[in-house]
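Heads up: the structure comes next, in C-alpha cells.
Everything quoted here is computed from the prediction, not taken from an experiment.
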Amino acid sequence: MVLKKIRRKVERIITKPFKKPPRKPSIKPPSPCPSPPPEPPPAIMNRRPTHPFIFPESHSAVLPDPSPFFSPNLLSSPLPTNSFFQNFVLKNGDQPEYIHPYLIKSSPSSLSISYPPLFSTSAFTYQIFNADLTISAVDNPDPNQTHKISSINDLSVTLDIPNLRFYLVRGSPFLTCQVMQSVTLSFSTIHAILDFTPNSSKTKYKINFNNGQTWVLYASSQIDLTHEMSKITSLPFSGIIRIAILPNSDLKLEQVLDQFSSCYPVSGDAVFSSPFCVEYRWEKKGWGDLLMLANPLHLRLLDHNSSNKILDEFRYKGIDGELVGVTGDSWALKTDPVSVTWHSIKGVKEESYPEIVEALVKDVNDLDSTSISTKSSYFYGKLVARAARLALIAEEIGHVDAMPKVQKYLKDTIEPWLDGTFDGNGFVYDKLWGGVITKQGCQDSGADFGFGIYNDHHYHIGYFLYGIAVLAKLDLVWGRKYRPQAYSLMADFMTLGRGGNTKYTRLRCFDLWKLHSWAGGLTEFADGRNQESTSEAVNAYYSAALMGLAYGDTQLVSTSSLLLAMEIHASQTWWHVRDDGGLYTQDFTRENRVVGVLWANKRDSGLWFAPGEWKECRLGIQVLPLSPITEVLFSDTGFVRQLVEWALPALAREGVGEGWKGFVYALEGVYEKEVALEKIRKLSGNDDGNSLSNLLWWIHSRDEGDQGYEGGGKHCWFGHYCH
C-alpha cells in the first residue's frame, strides 16, 4: 500500500498539479452580479433536522476487521482510526507504539516496555525499541490469545492480556499493571541483571542492568521475587504493579518516584472547558498526588496560575523533547486566540488592485467544471478550494463581476459530491469503523491516497469544507439546502461526542496529548502514526471554523479555532526546525529547516513523494494551501527567512516544478516583498490548488494593520452533529 501510495502521489503531485488548464476561447466575460436572494429568517436558517444526515452506507472490501482486538462493548460505537495506539489493533497487533516516555509492544500473552535510545543522522532520527522488560503471567492456558482493548480515552488506552490489565496512560513515568487474580508473574529482559535489591517490606525492588539502566518496581502489597541472569519470577500475586526507569540512574530522582508511586492514573480525558483552553483530567486511584510528564508544548501552554507544580529536575528524554514532571490530577492548557478571517489579515493595498484584477479575470475565465478529469477526492477538493479562494479575493478587492461564474463553478463541483451523483466516485458511510469513505476507497486501499482506510481524511474534507463555507457565505439559500450534508462531512473528523449515539469517532485525526493531527489511518507502521503536511491539517480546522462563521455557529467556530491554534503551535514546535531550536540533534538540525514526515517514533527528511533533497517540496507541502491562516502559521519572520534561505538553492535543480517555486517565493515575500513579486510574475504555472491571483493577493497583503477576529452568530448546529 505504501509503495502504491508513493507511486501514485509522485505521479499526481509532481507532474499533474502544475499544468495550467487550457483556456476556453468561447468563454464570455461574466455578466453583472445578479441581486442576491433574500436572507431567510433566523428561525428558518437555524432550524435543525430531526436526524443528522448520513451519506449512503457502503460495504468496504479493504477495511480490516476490528473485532479481534476491541472488547465487545466497544464494537457497537465508532472506533478510532488515527489513534496513538492504532498499531495495537492492526494485523497481529504486535508493532510498538510510543506511550510517552516508553515504547510499548504487545505480543500474545505478554507486554514489553522500552525506554528507547535515540539514533540520529542528518536525514532522520528515530527511537530504537529494545525489550528492556517483558511482563507476562506464567502458566497461561491460552498463550496465543491476543490482547483486547477494553477502554479508550483521549489520553489513555487500557490493554488486557490474560490475568493482566495495563493502564497505558500517556505521560506517566510508571507503567501500571493490575494483576487481576493471583498468578505467578515473569519479568524477562534482553539485558543481564547486575543488581537486584528489595526494600524491607518487599514492595519495592531496584534493578540494575548491564546497559547502565536502573529500573524500579513497586507493588501494592508484598511481592516475593527471585531472579536469574535475565529473568525475574514471582510467587503468586494479585494487586498493582508499577514499573519505572530511574532517569540517568540518578539517586536523587529515586525519591521522586518513591513519593508518587502510590497514586496511579487509570484513564485520562481532555475537556474543552473554556474558549482556547484544553483541560486534562485523569482518573486516579491509590493515595497521594499524581505525577505525570509534560512535553515541551504542554509546558509552554500550561496555566502557571494553577496549583500544578513543575519538577524541573525530573526529566525523561524522548524524540519529542525532554519530558518534565508535573504534579496534579488536572492541567489547564491555554493558548492565545487565533484570527479566523475570510480575507487577508492585514489588508490588500489598493494600488495593487489592477494587477490582481487582471490575473483574477483570467483565472476566473479559465474555470470550467466540465474539463475536470480527476476523480480523486484529494485533487478534486483542491480545485474546489482554489476556486473558493478566487471568490474571496474578488470579494475582498470589490471585483464583483467575477462572483457569478465562481459561484456557479463551486455549485457545479460541490453538489455532485454532496448529492451522491458524482460520476466515478463519491462519499459513502462505513458502518464497520464509523466514518465517511469514498466509493473508490471501498475497493482499493490505495485509491484517494488511502481515504478508504481513513488516511488523510482531514486533508481531503478540509478542502471541500473550504469551498462549502465560501459558497454558503455567498449564497444563503444554497447554504441552507446543503447544510445537513456539509455538517455530516465536517463531523467525520470534528465530532466531540463518543459512544453509540454518535456516527463518527471522537476527533478522528486530532491527538489531544500531542496537540496535532495524524494522517496515517488504518495502516500498520513500525514507527506509529504519521503526518506530512501540517498546513493541510491547519486548513482543515480553519475551514471548519469558516463554516461555523458562514452558518453563525459559535460553538463550531470556538472548537475549530481551538484545534486550529493547537495544530499551529504543534507545527511550529515539531515540524519547524529552527537553527537555534535545540529540540533535535545537531546533525539533524544543521541540515533541516522543516521535517518531511513526522512519525510518532521518527522524524524523516524525506516525503512520501520526494526525497529530502527536494527542499522546495518540503517547504511547499508545509505551506499549501495559501490562505489568510498561512500568515498565522508562519508568523515568525526570522524563521521564515531561515526556511526560505535553506530552500532557495534547491530551485536551481533541473526539473523543479513551477508550483513549488511559487510557495517558496510566497514565503520570501514575507520579508522581501518586491524581490518575491518579480519572481512570481515570471512563473509559468502554479500548483493545482493555487493561482496567480492567489499569489498576488498574498504578496500585496503583507504590510498593513491587523484586521481582527470575525465572530459568528448564536445558534449551534455543531452540537447537534458532533456531540
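- In this structure, Tyr551 has its ring center under 6.0 Å from that of Tyr487.
- The neighbour count for Asp423 CG, taken as heavy atoms of other residues, nucleotides or ligands under 6.0 Å away, does not exceed 12.
- Tyr466 places a side-chain heavy atom less than 4.5 Å from the side chain of Leu546.
- Atoms CD1 and CG, from Ile414 and Leu383 in turn, are 11.5 Å apart once rounded to the nearest 0.5 Å.
- At least one side-chain heavy atom of Val338 sits under 4.5 Å from a side-chain heavy atom of Ile629.
- No donor-acceptor pair closer than 3.5 Å links the side chain of Ser561 to the backbone N or O of Ser558.
- Enclosure of atom NZ in Lys408 is not indicated, since only 12 or fewer non-hydrogen atoms of other residues, nucleotides or ligands lie within 6.0 angstrom.
- Summarising the geometry of Glu658 relative to Gly685, their closest heavy-atom pair is CB-O, 3.5 Å, with the distance given to 0.1 Å.
- The main-chain N or O of Val348 is never found under 3.5 Å from a side-chain atom of Ser701 such that the two would form a donor-acceptor pair.
- Between Tyr380 and Trp417, the distance from one ring center to the other falls under 6.0 angstrom.
- Remark: side-chain polar atoms of Ser352 are paired, donor with acceptor, to backbone N or O of Lys349 under 3.5 angstrom.
- Looking at heavy atoms from C-beta onward, Arg653 lies out of side-chain contact with Glu613 at the 4.5 angstrom threshold.
- Closest heavy-atom contact between Cys509 and His458: SG-ND1, 3.5 Å.
- No cation-pi contact links Arg508 to Phe493, judged by a cut-off of 6.0 Å to the six-membered ring centre and 45° from its axis.
- Although no hydrogens or angles enter the test, the distance criterion places a donor-acceptor pair under 3.5 Å between the side chain of Asn365 and the main chain of Val361.
- Not one N or O on the side chain of Asp604 forms a donor-acceptor pair closer than 3.5 Å with the backbone of Gly596.
- When every heavy atom of Asn82 is checked against every heavy atom of Trp518, the shortest pair comes out as ND2-O, 3.5 Å.
- Salt bridge status for Lys661 with Glu616: absent, with no side-chain N to carboxylate O gap under 4.0 Å.
- In this structure the side chain of Leu695 never reaches within 4.5 angstrom of the side chain of Leu677, judged on heavy atoms.
- The pair Arg386-Asp363 meets the salt-bridge criterion, with a side-chain N (NZ, NE, NH1 or NH2) lying under 4.0 Å from an Asp/Glu carboxylate O.
- Between His460 and Tyr378, the gap from one ring centroid to the other is short of 6.0 Å.
- The shortest side-chain heavy-atom distance between Thr438 and Val428 does not fall under the 4.5 Å cut-off.
- Ring centroids of Phe427 and Phe422 are separated by 6.0 Å or more, keeping the two rings apart.
- In this structure, Lys615 is not positioned above the aromatic face of Trp660 in the sense of NZ or CZ being under 6.0 Å from the six-membered ring centre and within 45° of the axis.
- Because its NZ or CZ atom is both nearer than 6.0 Å to the ring centre of Trp698 and within 45° of the ring axis, Arg702 counts as a cation-pi partner of that residue.
- Taken to the nearest 0.5 Å, the CG atom of Leu648 stands 10.0 Å off from the CG atom of Leu667.
- Below 30°, between 30° and 60°, or above 60°: for Phe53 and Phe55 the angle between ring planes is above 60°, a perpendicular geometry.
- For the pair Asp448 and Asp456, the minimum side-chain heavy-atom distance is 4.5 Å or more.
- Between Trp646 and Arg618, some side-chain heavy-atom pair lies under the 4.5 Å cut-off.
- Rounding to the nearest 0.5 Å gives a distance of 7.5 Å between NZ of Lys679 and CG of Leu651.
- A donor-acceptor pair shorter than 3.5 Å can be found between the side chains of Glu567 and Ser517.
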Exercise for review: Output, in order, the C-alpha distance, side-chain angles, deciding distance and verdict of side chain to side chain contact (heavy atoms under 4.5 Å, CB included) for Leu633 and Ser571.
Suggested key: CA-CA 8 Å; Leu633 179 59; Ser571 303; 3.9 Å; yes
Practice item. Evaluate the criterion side chain to side chain contact (heavy atoms under 4.5 Å, CB included) for residue pair Tyr454 and Ile437; output intermediate values, then yes/no. Key: CA-CA 7 Å; Tyr454 292 97; Ile437 57 176; 3.8 Å; yes
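- A 4.5 Å side-chain heavy-atom check between Leu643 and Leu619 finds at least one atom pair inside the cut-off.
- Note that OG of Ser535 and CG of Leu624 are 5.0 Å apart. Values are rounded to the nearest 0.5 Å.
- A salt bridge does not link Asp511 with Arg529: none of the charged nitrogens is closer than 4.0 Å to a carboxylate oxygen.
- His457 and Phe451 get closest at one heavy-atom pair: NE2-O, 2.9 Å.
- The closest donor-acceptor contact from the side chain of Ser369 to the backbone of Tyr409 lies at 3.5 Å or more, if one exists at all.
- Ser488 places no side-chain N or O within 3.5 Å of a backbone atom of Pro484 that could act as its donor or acceptor partner.
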Practice item. Let me see the working for Arg590 and Asp579 under salt bridge (Lys or Arg N to Asp or Glu O under 4.0 Å), right down to the final yes or no. Key: CA-CA 7 Å; Arg590 183 178 61 251; Asp579 59 7; over 6 Å; no
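- Of the possible donor and acceptor atoms, none in the side chain of Asn592 sits under 3.5 Å from a partner among the backbone N and O of Val595.
- Formation of a donor-acceptor pair under 3.5 Å by the Glu396 side chain with backbone atoms of Ser344 is found in this model.
- For the atom pair CD of Glu358 and CG of Leu692, the computed distance is 9.0 Å after rounding to the nearest 0.5 Å.
- In this structure, Ser533 and Ile621 approach most closely via the heavy-atom pair OG-O, 2.6 Å.
- Separation of the Tyr353 and His700 ring centroids does not fall under the 6.0 Å cut-off.
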Point to revise | Criterion side chain to side chain contact (heavy atoms under 4.5 Å, CB included) on Glu668 and Val675, from CA distance to verdict | key: CA-CA 8 Å; Glu668 188 177 19; Val675 172; 3.8 Å; yes
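- Note: Phe449 and Phe379 meet the aromatic proximity criterion, with ring centroids under 6.0 Å apart.
- Between Trp599 and Val597, the shortest heavy-atom contact is NE1-CG1, 3.4 Å.
- Neither side chain, Glu395 nor Trp342, offers a donor N or O lying under 3.5 Å from an acceptor on the other.
- Under the 3.5 Å distance criterion, with hydrogens and angles disregarded, a donor-acceptor pair is assigned to the side chains of Thr370 and Asp368.
- Put simply, CE on Met494 and CG on Asp492 are 11.5 Å apart, with the number rounded to the nearest 0.5 Å.
- Judged by distance alone, with hydrogens and angles left aside, the side-chain atoms of Asp419 form no donor-acceptor pair with the main-chain N or O of Thr421 at under 3.5 Å.
- Judged by distance alone, the side chains of Asn690 and Arg389 never bring a donor and an acceptor atom under 3.5 Å apart.
- In this structure, the ring of His516 has its center no less than 6.0 angstrom from the ring center of Phe510.
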Exercise for review: Would you sort out whether Gln531 and Leu598 count as a side chain to side chain contact (heavy atoms under 4.5 Å, CB included), showing the intermediate values?
Suggested key: CA-CA 6 Å; Gln531 179 163 266; Leu598 186 142; 5.7 Å; no
